Amino acid sequence: MLQPLRILFRPKWMVSRSSASYVSRMRHLNKIKEEDEACRAALQSGNIFLYHKLAPLLRRTDSGIYQLPALQTKDVEEILEKLGEDKEMVKESILINCTEQNEAQFSFDVGAIEQAAVEELCRGTFVDLRKAFFLLRGSEAPLVARGQALLRWHQTNGFCSSTGQPTQRNQSGSQRVCHSSGITYYPKMSPVVIVLVSDGKRCLLGRQSTFPRGMYSALAGFCDIGETMEEALRREIAEEVGLEVESIQYSCSQHWPFPQSSFMVACHATVNPDKTHVSVDKVELEDARWFSLEEVQEALTIKAPPRNNKGEPTVFWVPPSYAIANRLIQEWANQQHLKS
C-alpha cells in the first residue's frame with residue numbers, strides 16, 4: 001500500500017512581516033519577469049553571474065573557499081569594453097531570481113570571448129558545473145544550476161518547432177515567441193523519479209558507466225507520458241534491478257540541470273526482505289548492490305571525489321551534499337539510527 005505524502009511545507013513560525021516580505025518579493029520578481037521595461041531597469045541595478053560555455057565563474061577566497069561572485073552590471077559592461085566587445089551585450093542576460101532585498105539576479109554567458117581574458121579581469125575561474133557542486137556552499141548551488149539551465153534552454157531553442165523560423169525572447173528570458181506562428185515557448189523540465197530502495201536493514205544503490213569511479217547513487221528514471229510518479233517509480237525499479245516495490249514514501253524534490261533540465265521527485269521505497277535478489281539490467285546500469293548502514297555512513301563522510309591510487313581498491317562514495325540522492329541516503333541512515 002502506498003504511504004501518504006508527508007507535509008510539503010511547514011513554516012517554523014508565522015510572522016506577518018516575513019510573509020509580506022516574501023509576497024512583495026515574488027510580486028516584484030513576476031513584474032520584472034513579465035514587463036520588459038521593468039526588467040531593463042532592474043538589470044541596471046542588479047547582479048550578474050558569469051558563465052563561459054555554460055561553466056560558471058567561481059572565485060577562490062584567501063581562505064581557500066570558492067564563491068559565486070555576483071558582479072554589478074556596470075562592472076560587466078566595463079569588462080566587455082576592455083575586451084573590445086560591445087557593452088550592450090549585457091542586455092542578453094537572463095533573469096534567474098531576486099534577493100531578499102529585491103535585487104535582481106541574472107546569468108550571462110560570455111562563451112564567445114576568450115576564456116582566459118575574462119578570468120583575468122574577473123579574478124576567477126570558469127568551472128564545470130558538476131565540479132562546482134563540490135566547491136560551492138549549499139545556498140549557491142541551486143542558483144548557479146538555475147542560471148545554467150536557463151542559458152542552455154535559450155541556446156537550444158532559437159527556432160520554432162512548427163515553422164522553423166527564429167524565436168525571439170522577451171527581456172527577462174522567461175519565454176520565447178515565434179512571431180510567424182504566434183507560438184510562445186517556455187522553459188521546461190523533464191520529470192524524473194529518484195528512489196532509495198531499502199529492505200529494512202540495507203539500501204540499494206547503483207551506478208552507471210558514466211559515473212566517476214566508485215560513486216554509487218539512488219536509482220532514477222524519466223517518467224513516461226501518462227504515468228503517475230508512483231507508476232514510474234515502480235516500473236523503473238522493476239526494469240533496472242528486477243525488484244517489486246511494496247511501499248513508497250515521498251521525501252522532497254529538486255531541479256537538477258543534467259542531462260538538460262530535470263525535475264527530480266525523490267522517494268523512499270521498501271521491498272520484501274525475503275525478495276531482495278538483484279537482477280541488474282546492464283543496458284541501464286553498470287552495477288547495483290545492497291549496502292549496509294556502516295558502509296553508507298563511511299561513504300557520507302567523503303566530501304570530495306576520492307583519489308584512487310594505482311593498485312588500491314576503489315573507494316565507495318556517494319553524490320555531493322547538494323544532490324538530492326545524498327539527501328535520500330542521509331535520511332535513510334538517520335532512520336536506521338532511530339530504529340536501533
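On a predicted model such as this, the values are computed, not experimentally measured, just so you know.
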So, the side chain of Arg169 versus the backbone of Gly158: is there a donor-acceptor pair under 3.5 Å, distance only? no
Is there a path from Trp290 to Leu219 through hydrophobic residues (I, L, V, M, F, W, Y) whose side chains come within less than 4.5 Å of each other? yes
Under 3.5 Å, which donor-acceptor pairs link side chains of residues 181-194 to any protein atom two or more places apart or in another chain?
| unit_1 | atom_1 | unit_2 | atom_2 | d |
| --- | --- | --- | --- | --- |
| Ser181 | OG | Ile183 | N | 3.3 |
| Tyr185 | OH | Ser161 | N | 3.1 |
| Tyr185 | OH | Ser161 | OG | 3.1 |

Arg146 side chain to His255 side chain, donor-acceptor N/O pair below 3.5 angstrom: no
Is there a path of hydrophobic side-chain contacts, each under 4.5 Å between heavy atoms, that joins Val265 and Phe222? no
Return the CD to CD distance between Glu85 and Glu114, rounded to the nearest 0.5 Å. 11.0 Å
Which heavy atom of Phe108 sits nearest a heavy atom of Ser93, and at what distance? CB-OG, 3.5 Å
Minimum heavy-atom separation for Tyr250 to Ser253, with atom names? OH-N, 3.5 Å
In the single-linkage hydrophobic clustering (I, L, V, M, F, W, Y; side-chain heavy atoms under 4.5 Å), do Leu80 and Ile94 co-cluster? no
For residues Cys178 and Gln165, report the shortest heavy-atom separation together with the two atoms involved. SG-CB, 4.2 Å
Rounded to the nearest 0.5 Å, what separation is found between the CE atom of Met215 and the OG1 atom of Thr210? 8.0 Å
Hey, does Thr270 have a side-chain heavy atom less than 4.5 Å from the side chain of Val245? no
Counting the benzene-type ring for Trp, do Tyr216 and Phe291 have ring centres under 6.0 Å apart? yes
With sequence neighbours excluded, residues passing side-chain contact (heavy atoms from CB on, under 4.5 Å) with Lys201: Asp199
Tell me whether Glu298 at atom CD has more than 12 heavy atoms from other residues, nucleotides or ligands lying less than 6.0 Å away. no
Show me the donor-acceptor pairs, under 3.5 Å and distance only, between side chains in residues 274-286 and residues at least two apart or in other chains.
| unit_1 | atom_1 | unit_2 | atom_2 | d |
| --- | --- | --- | --- | --- |
| Asp281 | OD1 | Val283 | N | 3.0 |
| Lys282 | NZ | Glu286 | O | 2.8 |
| Glu286 | OE1 | Arg207 | NE | 2.7 |

With a 4.5 Å cut-off on side-chain heavy atoms, are Ser217 and Leu205 touching? no
Any side-chain to backbone donor/acceptor pair from Arg152 onto Gly147? Under 3.5 Å, distance only. no
Taking atom CG of Leu338 as the centre, report whether more than 12 heavy atoms of other residues, nucleotides or ligands fall under 6.0 Å from it. yes
Interatomic distance, Gln105 atom CD to Asn97 atom CG [nearest 0.5 angstrom]: 5.0 Å
State the CG-CZ distance between Asn102 and Arg25, to the nearest 0.5 angstrom. 7.5 Å
Checking side-chain polar atoms at under 3.5 Å, does Asn334 have a donor or acceptor matched by the opposite partner on Gln330? yes
Could you check whether the rings of Phe258 and Phe133 sit parallel, tilted or perpendicular, using 30° and 60° as the cut-offs? perpendicular
Does Gln67, at its CD atom, have more than 12 non-hydrogen atoms belonging to other residues, nucleotides or ligands within less than 6.0 Å? yes
Taking the side chain from Lys53 and the backbone from Gln115, do they hold a donor-acceptor pair closer than 3.5 Å? no
If you measure from SG on Cys160 to CD on Gln168, what distance do you get to the nearest 0.5 Å? 11.5 Å
Show every donor-acceptor pair shorter than 3.5 Å between a side-chain atom in residues 40-49 and any protein atom, with sequence neighbours excluded, or say none if there are none.
| unit_1 | atom_1 | unit_2 | atom_2 | d |
| --- | --- | --- | --- | --- |
| Arg40 | NE | Gln171 | OE1 | 3.4 |
| Arg40 | NH1 | Glu37 | OE2 | 2.5 |

Are the side chain of Glu239 and the backbone N or O of Glu236 linked by a donor-acceptor pair below 3.5 Å? no
Would Glu78 and Lys74 pass as an ion pair if we require N to O under 4.0 Å? no
What about Val110 and Ile96, same hydrophobic cluster or not, with Ile/Leu/Val/Met/Phe/Trp/Tyr joined at side-chain heavy-atom distances under 4.5 Å? no
List in chain and number order the residues that pass side-chain contact (heavy atoms from CB on, under 4.5 Å) with Glu88, two or more places apart in sequence or in another chain; answer none if no residue qualifies. Asp86, Lys91
Apply side-chain contact (heavy atoms from CB on, under 4.5 Å) to Ser251 and Glu331, showing your working. CA-CA 9 Å; Ser251 172; Glu331 286 178 344; 2.7 Å; yes
Okay, side chain of Gln148, backbone of Ala145: is any donor-acceptor separation there less than 3.5 Å? no
Closest heavy-atom contact between Ala288 and Val241? CB-CG1, 3.8 Å
Report yes or no: do Trp153 and Met264 belong to one cluster of Ile/Leu/Val/Met/Phe/Trp/Tyr joined by side chain heavy-atom distances under 4.5 Å? no
Just do the side-chain contact (heavy atoms from CB on, under 4.5 Å) check on Lys82 and Ile79 with the steps written out, would you? CA-CA 5 Å; Lys82 287 181 180 179; Ile79 290 171; 5.8 Å; no
Hey, mind stepping through Leu129 and Tyr51 against side-chain contact (heavy atoms from CB on, under 4.5 Å) and telling me if it holds? CA-CA 10 Å; Leu129 187 59; Tyr51 294 73; 5.6 Å; no
Side-chain heavy atoms of Leu68 within contact of Leu58, under 4.5 Å: yes
side-chain contact (heavy atoms from CB on, under 4.5 Å) for Arg235 and Asp224? Distances and angles first, verdict last. CA-CA 10 Å; Arg235 174 183 55 77; Asp224 286 343; 3.6 Å; yes
State, without any angle test, whether Ser198 and His268 hold a side-chain donor-acceptor pair at a distance under 3.5 Å. no
Give the table of side-chain donor-acceptor pairs shorter than 3.5 Å for residues 314-324, with sequence neighbours excluded, one pair per line with atom names and distance.
| unit_1 | atom_1 | unit_2 | atom_2 | d |
| --- | --- | --- | --- | --- |
| Thr314 | OG1 | Arg213 | NH2 | 3.0 |
| Trp317 | NE1 | Arg213 | O | 2.7 |

The reported gap from SG in Cys98 to CG in Leu29 (rounded to nearest 0.5 angstrom) is 4.5 Å
